[in-house]
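Model, not experiment: these values are computed from the prediction. We're numbering straight along the sequence, starting at 1.
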Amino acid sequence: MVLIIKLLLLSSLWPGAVLNGFYPQKQKDHHHHHHHEKEEIHPVPMRDSRKNTSKMKRIDSTKVRQVKSEQLLRIDDHDFAMRPGFGGSAIPVGIDVQIESIDSISEVDMDFTMTLYLRHYWKDERLSFQSTNNRSMTFDGRLIKKIWVPDVFFVHSKRSFIHDTTMENIMLRVYPDGNVLFSLRITVSAMCFMDFSRFPLDTQNCSLELESWWYNRLFINFILRRHIFFFLLQSYFPAMLMVMLSWVSFWIDRRAVPARVSLGITTVLTMSTIITGVSASMPQVSYIKAVDVYLWISFLFVFLSVIEYAAVNYLTTVEERKQLKRRGKSSTTLNLEAVQAMAFDGCYHDSDADLNYSVHSEESTSRGRASSVATLDAARVKRKRSIKGNVGRIILENNHAIDTYSRLIFPIVYILFNFFYWGMYL
């Protein structure tokens, strides 16, 4: 009996001792620091763990949707390395091209660069899926690597790339019946075989060619018409002005050698500069262009004006020598007076008044040197006064016959050439 009572007391005291042994500090804190007990429970981490759990669920749900889409299209059930209906007839592929911009056209490189939207249409029954609302599904470029797409490439392409800002500009749209739309944005530089025989009055026909290993080729033709106003300002008008400037030498006295030679050389060098500038901006072709015809004929007119003066100067010298031989006035006195007269007013006067003065000067040499010098000075003053009032008449009287004809022939022939040139190329 006593033993039973001791066992009961021991069993009643053991749980309390166990509690006091394992949680002494907690009971102390409960009595003395009640607010600290709440900090030990840490309720906030429990809420964070719930948020992390919800995030993981969202990520997992996204993965599930991707898997469902691929399962819906049955990507893993088919071999998309083969085209649809492999072994049968060729599959028709539609092509749609929308030009966004023509970025550049280069005559030197004979190419053009453009940005375009290239769209492909075909039907792949392996991608068909069931849809209650008959709506299509749209994907980005990541699915392109898992299915079959047409092997279309650009013929005569030098450079091309797919835009990738901010992602690759690729779109894939699949319809429930298996119809597929594949669209991408491309910039391509392709060759254009240009004919410059009528440049810059030309019209170029360039083509963008798309081909598939099905051996079919699609041609997209572009007709490019050039605006001529830029070339009129840079090439044609300067050439016209240089030709007309060369005609000024026909109105300058034939004995004014420095003036006429300088003018001729200046116009020739300017025409050479214009021709060189045009050739530098053009490809090296083995045929003559329309602008070459105009510039080289203009250069020929300028060059002929220089040759014309060379002929005038030579014939004038020959004519003077003949006159001196006929009149027997080939003495050094006459030659000296002719040189002095030319140095005085820039031109040589072979009129009767000048020749009479020369004869008079030669006869007066026997009367004394002083009287000859005085007569020479008086003649110079008289010539100077006569030049001031009769400049136009002197030029007309002292010009050569070649200059007279050149004043009419050169402008008329050049105007006829312009009528023929612009009528043929325009």
Can you give each donor-acceptor pair under 3.5 Å made by side-chain atoms of residues 419-426, sequence neighbours left out, with the distance rounded to 0.1 Å?
residue, atom, partner, partner atom, Å
Tyr421, OH, Tyr236, OH, 2.8
Tyr421, OH, Ala290, O, 2.7
Trp422, NE1, Asn418, OD1, 3.4

Distance-only side-chain donor-acceptor flag, Thr115 / Asp103, under 3.5 Å |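 Judged by distance alone, the side chains do pair up.
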
Does the distance from a Lys or Arg side-chain N to an Asp or Glu carboxylate O, for Glu320 and Arg255, drop under 4.0 Å?
->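 Looking at Glu320 and Arg255, the cut-off is met.
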
Which residues pass the side-chain hydrogen bond (donor to acceptor under 3.5 Å, both in side chains) test with [X], sequence neighbours left out?
{"X": "Ser406", "result": "Glu308"}
{"X": "Asn169", "result": "Arg185"}
{"X": "Ser298", "result": "Tyr414"}

Would Arg407 count as a cation-pi partner of Trp251, with NZ or CZ less than 6.0 Å from the six-membered ring centre and within 45° of the ring normal?
->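 Yes.
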
With sequence neighbours excluded, tell me which residues meet ring pair (Phe, Tyr, Trp, His ring centres under 6.0 Å) with [X].
{"X": "Phe153", "result": "Trp213"}
{"X": "Phe231", "result": "Phe199"}
{"X": "Phe219", "result": "none"}

Taking the six-membered ring where the residue is Trp, are the ring centres of Phe161 and His163 under 6.0 Å apart?
->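 For Phe161 and His163, the ring centres are under 6.0 Å apart.
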
Could you tell me which residues satisfy side-chain contact (heavy atoms from CB on, under 4.5 Å) with Thr266, sequence neighbours excluded, listed by chain and number?
->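 Listed in chain order: Thr270.
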
Name all pairs fulfilling the disulfide (SG to SG under 2.5 Å) condition that reach into residues 178-238, sequence neighbours left out, sorted by first residue then second.
->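 Listed by first then second residue: Cys192-Cys206.
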
Check whether any side-chain heavy atom of Met114 sits under 4.5 Å from a side-chain heavy atom of Ile99, and report yes or no.
->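 Of all side-chain heavy-atom pairs linking Ile99 with Met114, at least one is under 4.5 Å.
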
If we only count heavy atoms from C-beta on, is the Asp403 to Arg254 side-chain gap below 4.5 Å?
->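 Of all side-chain heavy-atom pairs linking Arg254 with Asp403, at least one is under 4.5 Å.
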
Salt bridge (charged side-chain N to carboxylate O under 4.0 Å, His left out) with Glu125: which residues, sequence neighbours excluded?
->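 Here no residue qualifies.
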
Contacts of Arg173 that satisfy salt bridge (charged side-chain N to carboxylate O under 4.0 Å, His left out) - sequence neighbours left out =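 Once residues adjacent in sequence are excluded, Arg173 has no partner under the salt bridge (charged side-chain N to carboxylate O under 4.0 Å, His left out) criterion.
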
Within residues 279-306 or reaching into it, pairs that qualify as salt bridge (Lys or Arg N to Asp or Glu O under 4.0 Å) - sequence neighbours excluded =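 Found Lys289-Asp292.
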
